[in-house]
Each structure stands twice: as structure tokens, then as C-alpha cells.
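As the structure lists them, so they are numbered: ligands from 1, and atoms in each ligand from 1.
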Amino acid sequence: MIDEKLEEVYADVLRRNPGEPEFHQAVREVLESLGVVVSKHPEFARQKIIQRICEPERQIIFRVPWQADDGEVHINRGFRVEFNSALGPYKGGLRFHPSVYLGTVKFLGFEQTFKNALTNLPIGGGKGGSDFDPKGRSDDEVMRFCQSLMTELYRHLGEYTDVPAGDIGVGTREIGWLFGQYKRITNRYESGVLTGKGTDWGGALVRKEATGYGAAFFLEEMLTANGTALDDRTCVVSGSGNVAIYAIEKITQLGGRVVACSDSDGVVFDPAGIDIGLLKQVKEVERQRLTEYAEARPGATHQAGGSIWDVPCQVAVPCATQNELSGRDARMLVSNGCIAVAEGANMPCTPEALRVFTSAGVLFAPGKAANAGGVATSALEMQQNASRDRWTFEHTETRLAQIMKGIHAACFETAEEYGAQGDYVKGANIAAFQRVAQAMVAFGLV
Ligand code: GLU
């Protein structure tokens, strides 16, 4: 429920952003948490901080023309939504996926602003991407696309202005082509302008692993704080991209047993526990589908289609994409005995799923807290670039673990302070909002 004082704010967001349901959903979830804050802080209402936070500072939309190997010309659309720079330069990934439109980028940029605030590092929020579909495209085609995108995007970036990274469809390979083009156009080796770089040209160790590792660390903290543990619990992790692979790796190291993961073709069920070496070989080295995993692994089965959330588990970690876990899926998880959910992806659970988990007393870690390890390690990459330094894997992983502990504590304690013990959604939204809002008040009406 949205507090009546904020109803008008939400109505305004709907009016100003028609046809963008994911953005409405992300804003609604945050506004539902903030009623108690505006009652306590009338200065935020006077300064219209919530209205301002819901309106991106700048939105850039541009044409991205490129040529396929067969000579055909293609036109895609590029986006960068620079959402909020109260706490630092705009920071957030680029997503390449055919479903991307302004509403996707806006919802992700909004979430990113709050997520980045939770890290307690000096980064504002932004997001970008394109409706370009990398599936089935050659290396040369993806490189030409990246170069064309950067030929426009570069004028909006800078290590003190806006610092993109990867997201779905954008990894170290694409960041390399984007960085190469930025460097060529600007004639500057400005390492801190992009994160998720290769580790031999300015990238931080652990950045690749960080989102998944961070989600596992958060999950462990949450279970411990609630008097339980990961020990030998059956876990299901959806997806099989970068976030899923490293969530599976760290959950396994921490004592959980991950029995299923998925891609857009279907679900792999591996009762002995996912073989992480084989998963990396199939997905990272060969860039193949999960059917290859099932073929190579004795005891594993592949099911085309169907919902991964039908696989019985005690812990669910959705790491694929937004709204992948429905109300029906949540009911299935609850009836199978699920006790905890940690969102590795951005907004993977629908509002109905969230209601099901809340009323069943399932521990729920929202993405803006649980998956903040990726962007936090991007901020550590920026630190290393600014000081022309290079940290070890162990040092960086220790920093990441500390940051995730800090995020957990902020969510947990803020929820308690506002009388919502154990509600990590409220805790995350309020703690993040207060950090951004206080900086905005300090800067005056800008
Ligand atoms: N795309 C990632 C996220 O959703 C990482 C962003 C970054 O490292 O800047 O947080």
C-alpha cells in the first residue's frame, strides 16, 4: 500500500511515464516503503525530494547504425538514463537485449540509484543499453555495433561524469570494444570511464565474480541473522550467465547444494550438485547452451521449457531477469518448503510473488541489496584506476565481503528502526533513500 501522502507522487509518475510498467513497478515498491520516512522528515516533502528522485536527471536516446557481415545495414536504438548523481558520478551497466526499451532502462536506473547508495561508496545511479540482439551475431558484428554505440555515447561519459559497465549481453569482451573506441575518439587512456574491464588492462580482480559472490554473502548473512545457515541446504539458482555461475560457485563453497539452473531453452536438474567447472566450460569457454552441460554430465537431466521454480528447494536465488518469478512460482516454492529467497537479478520477483513470500514468512533479500556486490566491486575498480593500483584477488574479495555485511546491517537495522523487523525490502528502500535524500537536500534545488 502506498501512503496517501505519496499517492499523488505515484499518479504523477504514471502520467509522465506512460507504457512503462517495469518502471511503475520499481517506483511503486519504493514508495510503498517511504510513507514512514516522510512522516518523520517533513523537510523531504517540502523540498519534493521524492518527486525529484523519481525523475531522471537526464535521458539520452540515440540511433545506432551498423553493418552485418552479409552487408545488410541495421538500425538499433541506444539509451543512457542518467538517473541521479547526488552521491557520485552516474554508475550502472549497459544491457544489450531485444526487449530493451526506455522503460527497461528507466526501471534499472531507478533501482541502481538505491542499490549504489546501499554500497556506501561514492556512486550515483544510471543505466543504459540497446535493443540490439547479440544472439547469433559474429564477433565482428558485435564489435562494429559496440564501436557505433560508443561513437555517440562517449560525449556523455567521463570518470567524473558517467561510468558504464556490463549487464545482460555485455561482458568483458564488449567492454573491451567499447573502451577501445572511447580511447580512440578521446585520445585518453581514461581507465575509470568503464568498469568490468579485462584484468590485464585496468579491470579489477573479482569484478567478474562479484555480483554472484555478493548475493551468496548476503544470503549467508541473512540466514545467520535469522538463526539458521546454508549448511547442505538444497538451492536453486535460475539463469546461467555471469551472475548465476558465480552465485552457484560461492553458495557451493559456503556449504549449499545447488541442484538446478536454467537458460532460455530450459532447465538443468543435477541432483548431485551443479559441477561448476563443467558449467564454466560450457557457458564461458564454449558459449554453448545448457543442453551441452546435461549431455556431458552423468545424472543430470535437461527439461525444455517449464518453470525452474517447480524444482523443490529450500533456498531460491533468481539470477536471470526481471519478473521471471511469478506469484504461481512463489506459491510452488512455498509449498515445497522454501525458507529464503535472494534476488541475484534486478527485480526478478513480481509484486505478487513478493506478497506470497511475505505472508508465508519466507526470508526475502531484494536485488538492490543482494546483488549490489557487482556495482560495489565496480567502485573498487574505479578506486584502483584512480590510484593506478592493482589489488590482489584475496584483498578485493575481503572488501566485497565487508561491503555485503555492511549492506545487510544497514537493511536489517533500518527495518528494525522503522518497526518492520526482518523486512529487508523496507530496510533497503529506506536506508538507500535517506542517503540519497540527505545529499540532495544539501545541494539545494538542483
Ligand atoms: N549491471 C550491474 C548491476 O545491475 C552492474 C553495474 C556496474 O557495475 O556499474 O548492478
Side-chain angles (χ1 to χ4, degrees), residues 22 26 79-85 87-97 100 104-119 121-130 153 157-159 161-172 174-175 178-179 191-198 202-215 218 239 241-247 318-322 324 342-348 365-385 396 399-400 403-404 407 428 432:
E22 299 85 359
F79 301 94
R80 187 74 183 164
V81 173
E82 298 182 332
F83 222 105
N84 193 294
S85 61
L87 294 176
Y90 309 108
K91 182 84 197 85
L94 297 171
R95 176 176 292 191
F96 293 171
H97 192 272
V100 167
T104 323
V105 183
K106 242 190 242 176
F107 114 69
L108 289 164
F110 182 78
E111 289 283 293
Q112 197 83 46
T113 300
F114 290 79
K115 180 195 311 195
N116 295 4
L118 284 175
T119 68
L121 294 163
I123 40 178
K127 202 83 183 192
S130 173
L153 188 61
L157 306 183
E159 64 174 316
T161 308
D162 186 352
V163 182
D167 196 81
I168 293 171
V170 178
T172 303
E174 289 73 20
I175 295 293
L178 292 163
F179 185 70
S191 298
V193 75
L194 287 165
T195 61
K197 298 182 292 296
L205 290 166
V206 194
R207 175 62 191 87
K208 182 175 67 171
E209 295 83 356
T211 312
Y213 277 20
F218 193 96
N242 182 57
V243 180
I245 292 172
Y246 292 96
C319 294
T321 195
Q322 67 268 15
E324 57 161 303
E343 292 188 320
N346 292 311
M347 207 170 76
K368 58 173 80 73
N371 75 35
V375 76
T377 307
S378 278
L380 301 183
E381 184 168 322
M382 291 162 76
Q383 274 183 41
Q384 289 166 78
N385 294 152
T396 317
R399 288 286 309 268
L400 169 63
I403 291 166
M404 296 315 295
I407 296 173

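Asn242 places a side-chain N or O within 3.5 Å of a backbone atom of Lys208 that can act as its donor or acceptor partner. Checked by atom type and distance alone, the side chain of Asp162 never pairs as donor or acceptor with a backbone atom of Leu157 at under 3.5 Å. Looking only at distances, no side-chain donor or acceptor of Asn116 sits under 3.5 Å from a matching main-chain atom of Val375.
In this structure, Glu324 has no salt bridge (charged side-chain N to carboxylate O under 4.0 Å, His left out) partners at least two apart in sequence or on a different chain.
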Measure and list all N/O to N/O distances between ligand 1 and the protein that fall under 3.5 angstrom.
{"residue": "ligand 1", "atom": "1 (N)", "partner": "Lys127", "partner atom": "NZ", "Å": "3.1"}
{"residue": "ligand 1", "atom": "1 (N)", "partner": "Gly166", "partner atom": "O", "Å": "2.9"}
{"residue": "ligand 1", "atom": "1 (N)", "partner": "Asp167", "partner atom": "OD1", "Å": "2.8"}
{"residue": "ligand 1", "atom": "4 (O)", "partner": "Lys115", "partner atom": "NZ", "Å": "3.0"}
{"residue": "ligand 1", "atom": "4 (O)", "partner": "Lys127", "partner atom": "NZ", "Å": "3.0"}
{"residue": "ligand 1", "atom": "4 (O)", "partner": "Asn346", "partner atom": "ND2", "Å": "3.1"}
{"residue": "ligand 1", "atom": "8 (O)", "partner": "Arg207", "partner atom": "NH2", "Å": "2.9"}
{"residue": "ligand 1", "atom": "8 (O)", "partner": "Ser378", "partner atom": "OG", "Å": "2.6"}
{"residue": "ligand 1", "atom": "9 (O)", "partner": "Lys91", "partner atom": "NZ", "Å": "2.7"}
{"residue": "ligand 1", "atom": "10 (O)", "partner": "Gln112", "partner atom": "NE2", "Å": "3.1"}
{"residue": "ligand 1", "atom": "10 (O)", "partner": "Lys115", "partner atom": "NZ", "Å": "2.8"}

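Note that CZ of Arg95 and NZ of Lys127 are 6.5 Å apart. Values are rounded to the nearest 0.5 Å. Interatomic distance, CE of Met404 versus OG1 of Thr119, reported as 10.0 Å (0.5 Å rounding).
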